[in-house]
Amino acid sequence: MKRSVTTMGARLAAAVALAVGGPCFAQGPAEVQGPPGLPDAPGRLGAPIGASGTTSFDASPGSQDRPIGGRPGPSVSRAPVGALTPRATTIDREPDARFRPEELTPADVPRYGELDLPAGPEDPGPDGGLTLDGAIEHLIRQNLNLLALRHEIDQASADILTASLRANPALYMDTQFVPYGKFGRDNPGGPTQYDVNITYPVDVSRKRQARTDAARKAKRVTEAQFQDAVRLQIDNLYTVYVDVVSAQETLRFSRAYVDGIEKLLNLNLELLKKGQITESTTDALRAQYEQSQFQVREATQAQGRTTRALAVVLNIPRAEADSLRLRATLRDVSELPMPPDALIQCALQSRPDLNAYRLGVARADADVRVAHAERFSDIYVLAQPYTFQDNRPFGVKSPTSWALGVTVPLPIHNRNQGNIARSKSNASQTRVELAAIERQVASEAEEAVHEFELSREGILELEREVIPSSRRVRDAAYRRFQGGEANALEYLEAQRSYNEVVRQYRDALVRHRRSMLDLNTAVGSRVLP
């Protein structure tokens with residue numbers, strides 16, 4: 001007959017008391033297996049920031065193939081433990097691989113030919129041109145890398161759903177005491193029994209709640225990592241945007257030199273007709289003019305190339321790339337919007353990669369709680385609402401009955417000690433990494449401030465001292481040339497020295513504009529236009 005519910009409950013209480021109060025035996029070296037939850041296939045990457053890798057929901061190694069209770073017989077489920085428990089969710093990619101886009105390098109500024117300062121102010125471009133703010137908005141909406149990464153947040157939401165699912169009950173039917181032939185006086189036994197059983201797992205250690213909380217914190221880490229991916233993609237946008245603006249400014253400087261050398265060539269051609277100069281002078285000027293024309297064509301090509309690169313980042317169709325026009329200026333010598341120390345503090349508060357590590361610490365602590373909850377496996381409640389004993393071979397009535405039982409895995413040897421230790425170590429490791437990245441962020445912000453101040457001072461020094469002095473030298477050479485005291489070649493040499501200063505000024509403008517936008521990236525927010 002079946003054991004009574006009262007007797008079974010008493011034995012259950014005694015077994016639990018023995019399990020909790022008994023000694024805990026560690027696994028020997030031969031018994032240690034790979035940490036659950038870690039990738040087991042080549043090419044799979046690790047978990048996000050703060051994840052310890054202890055995501056297995058199994059009660060113990062090998063329990064997936066072990067029957068509940070460990071033996072066959074009446075009122076005992078033969079369903080594997082793993083069939084009743086939700087599987088762990090494995091994160092397939094490492095955060096650096098998922099959320100760190102390829103860094104774009106600035107395009108080389110053309111250094112050939114000669115440049116000159118235009119007479120008028122810098123042209124900002126057409127009224128309907130693409131501004132930097134408009135480019136950032138378009139990037140966030142249309143960039144293909146960001147559109148793909150948004151699915152990581154949806155997948156993290158799906159992980160929350162998976163972690164919150166309850167374990168499934170198991171329904172199975174069996175028959176026992178089936179004779180070879182028939183039962184009778186010569187072959188006593190039986191009676192043949194038919195059972196219908198339902199086994200329901202009970203999560204006594206609240207593992208589901210702990211897993212759900214860890215999944216929610218993992219989603220917050222994923223969201224912060226996505227924000228950092230946006231920051232880095234905007235930094236790539238800064239790179240190609242300044243490339244386009246610098247190419248436009250180079251083209252403007254090149255055209256200014258063409259206009260100047262063309263006027264000088266026409267003047268000397270008139271002098272050649274009058275016999276006042278030799279043909280070698282006009283040949284030198286004509287060579288300079290042809291070189292300047294070539295430079296304009298090269299600068300035009302560079303502008304088209306950088307514009308197409310910008311269109312790729314913004315996911316603008318190739319057919320529309322050549323018609324893309326910007327409304328932007330290169331020169332901006334405004335001062336820092338706040339003191340350097342305030343900018344560093346702003347970076348420590350705003351940088352999404354730093355916030356991702358802070359949230360990763362909370363994720364790691366949640367994994368510690370999951371590991372603690374995994375110490376105790378589910379208790380399996382068995383309900384056998386229908387048992388039929390076939391007494392027809394004996395000529396008596398066949399009875400029906402019911403049974404109730406409980407299966408408790410005893411946490412004597414395995415209390416998840418290894419995963420608990422691993423998750424605690426991972427939490428400590430994440431805190432150390434957080435301290436390291438805090439120092440790195442502060443250093444990056446400080447270096448960006450120094451670069452901004454140095455490049456700004458370089459522009460002002462060129463505008464205050466170097467360019468006026470070089471222009472005076474060139475103008476004096478031109479006056480000597482007009483007065484007949486010097487030939488055109490001497491003037492061209494003075495012009496070449498002046499052109500080199502103009503090129504330095506162009507490079508300084510590009511460098512400072514990049515430093516302004518690099519400061520935005522280092523701080524993690526838009527502090528400069």
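Reckoned from all heavy atoms, side chains included, excluding hydrogens, waters and symmetry mates. Values in this document were obtained by computation on a predicted structure and should not be read as measured data.
- Of the possible donor and acceptor atoms, one in the side chain of T212 sits under 3.5 Å from a partner among the backbone N and O of R208.
- We find that D367 and R363 are joined by a salt bridge, their nearest charged nitrogen and carboxylate oxygen being less than 4.0 Å apart.
- Within the 3.5 Å criterion, the main-chain N or O of V296 finds no donor-acceptor partner in the side chain of S254.
- Judged by distance alone, with hydrogens and angles left aside, the side-chain atoms of R327 form a donor-acceptor pair with the main-chain N or O of G125 at under 3.5 Å.
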- Message: Go through it in stages, so that I can follow the logic: the residues are L232 and N236, the test is side-chain contact (heavy atoms from CB on, under 4.5 Å), and I'd like the CA-CA distance, side-chain angles, deciding distance and then a yes or no.
- Response: CA-CA 6 Å; L232 296 177; N236 284 338; 5.7 Å; no

- Task: Apply salt bridge (charged side-chain N to carboxylate O under 4.0 Å, His left out) to the pair R286 and D283, showing each step before the final yes or no.
- Result: CA-CA 5 Å; R286 186 175 286 106; D283 289 342; 3.4 Å; yes

- Message: Walk me through whether R252 and E249 qualify under salt bridge (charged side-chain N to carboxylate O under 4.0 Å, His left out).
- Response: CA-CA 5 Å; R252 194 168 73 100; E249 196 68 358; 2.7 Å; yes

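- With contacts defined as side-chain heavy-atom distances shorter than 4.5 Å, the pair N145/Q233 qualifies.
- For the pair Y505/V466, no side-chain contact is recorded, criterion being any heavy-atom separation below 4.5 Å from C-beta on.
- Looking at E451 and D518, their side chains never come closer than 4.5 Å, going by heavy atoms from C-beta outward.
- Between the side chain of N268 and the backbone N or O of T282, no donor-acceptor pair lies under 3.5 Å.
- Looking at R526, its side chain never comes within 3.5 Å of a backbone N or O of N520 through a donor-acceptor pair.
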- Query: Going through the distances and angles, do R503 and D507 end up as a salt bridge (charged side-chain N to carboxylate O under 4.0 Å, His left out)?
  - Reply: CA-CA 6 Å; R503 184 182 294 110; D507 294 345; over 6 Å; no

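- Note that CG of L267 and CD of E270 are 8.0 Å apart. Values are rounded to the nearest 0.5 Å.
- Between the D159 side chain and the A215 main chain, no donor and acceptor come within less than 3.5 Å of each other.
- A donor-acceptor pair is defined here as one N or O able to donate and one able to accept, closer than 3.5 Å; such a pair exists between the side chain of T306 and the backbone of A302.
- A pairwise comparison of heavy atoms in L354 and A347 identifies CD2-O, 4.5 Å as the closest pair.
- Proximity of Q225 to I49: side-chain heavy atoms (C-beta onward) are separated by under 4.5 Å at one or more points.
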- Task: Step by step, work out the side-chain contact (heavy atoms from CB on, under 4.5 Å) result for H512 and M516.
- Result: CA-CA 6 Å; H512 182 60; M516 295 175 64; 3.9 Å; yes

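- In terms of heavy-atom proximity, N355 sits nearest to S350 at ND2-O, 3.8 Å.
- Put simply, CZ on R496 and CD on Q288 are 5.0 Å apart, with the number rounded to the nearest 0.5 Å.
- Ion pair R431/D365 flagged as a salt bridge, since at least one NZ, NE, NH1 or NH2 atom sits closer than 4.0 Å to an Asp/Glu carboxylate oxygen.
- Using a 4.0 Å cut-off between charged nitrogen and carboxylate oxygen, R325 and D127 do not count as a salt-bridge pair.
- Between the S470 side chain and the I467 main chain, no donor and acceptor come within less than 3.5 Å of each other.
- Side-chain contact check for D353 versus R231: some heavy-atom pair is nearer than 4.5 Å.
- Between R216 and D213 there is no salt bridge, since none of the side-chain N atoms of the basic residue sits less than 4.0 Å from a carboxylate O of the acidic one.
- Using a 3.5 Å distance cut-off with no hydrogens or angles, the side chains of D332 and S334 do pair a donor with an acceptor.
- Counting all heavy atoms, side chain and backbone alike, Y257 lies closest to N499 at CE1-OD1, 3.4 Å.
- In this structure, E438 does not pair ionically with R351, as no charged nitrogen and carboxylate oxygen lie closer than 4.0 Å.
- For the residue pair A364 and T430, the shortest heavy atom distance occurs at CB-OG1, 4.1 Å.
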- Task: Let me see the working for S497 and R474 under side-chain contact (heavy atoms from CB on, under 4.5 Å), right down to the final yes or no.
- Result: CA-CA 8 Å; S497 299; R474 183 201 60 175; over 6 Å; no

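- Within the 4.5 Å cutoff, the side chain of F452 has heavy atoms near those of the L528 side chain.
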- Message: Could you walk me through whether D243 and R514 satisfy the salt bridge (charged side-chain N to carboxylate O under 4.0 Å, His left out) test, starting with their C-alpha distance in whole Å, then the side-chain angles of each, then the deciding distance to 0.1 Å, before giving a yes or no?
- Response: CA-CA 9 Å; D243 286 345; R514 291 197 191 281; 2.3 Å; yes

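- To the nearest 0.5 angstrom, Q345 atom CD is 10.5 Å from L343 atom CG.
- Summarising the geometry of A214 relative to V370, their closest heavy-atom pair is CB-CG2, 3.9 Å, with the distance given to 0.1 Å.
- Side-chain contact between R513 and S246 is absent, with no heavy-atom pair separated by less than 4.5 Å.
- Side-chain N or O atoms of N266 include one that pairs as donor or acceptor with a backbone N or O of E262 at under 3.5 Å.
- No donor-acceptor distance shorter than 3.5 angstrom exists from the side chain of S443 to the backbone of Q440, with no hydrogens or angles considered.
- The side chain to side chain contact (heavy atoms under 4.5 Å, CB included) test with R150 singles out one residue from L147, I153, D154, and that residue is L147.
- Separation of atoms CG (L517) and OH (Y241) is listed at 9.5 Å; rounding is to 0.5 Å.
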- Task: Determine, stepwise, if the pair V313 / N143 fulfils side-chain contact (heavy atoms from CB on, under 4.5 Å).
- Result: CA-CA 6 Å; V313 174; N143 182 265; 4.2 Å; yes

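- With respect to the salt-bridge test (charged N to carboxylate O, under 4.0 angstrom), the residues E223 and R220 do not qualify.
- Counting heavy atoms of neighbouring residues, nucleotides and ligands inside a 6.0 Å radius, atom CZ of R464 exceeds 12 of them.
- Nearest heavy atom pair, residue A508 against residue L462, reads CB-CD1, 3.8 Å.
- Side-chain polar atoms of R472 and S469 form a donor-acceptor pair below 3.5 angstrom.
- Separating the CZ atom in R141 from the CG atom in N315 is a distance of 11.5 Å, to the nearest 0.5 Å.
- For the pair R506 and F253, the cation does not sit on the ring face, since its NZ or CZ is not both under 6.0 Å from the ring centre and inside 45° of the axis.
- Atom CG of residue L265 and atom OG of residue S292 lie 9.5 Å apart, to the nearest 0.5 angstrom.
- Looking at L330 and Q248, their side chains never come closer than 4.5 Å, going by heavy atoms from C-beta outward.
- A salt bridge links R331 with E463; the closest basic N to acidic carboxylate O contact falls under 4.0 Å.
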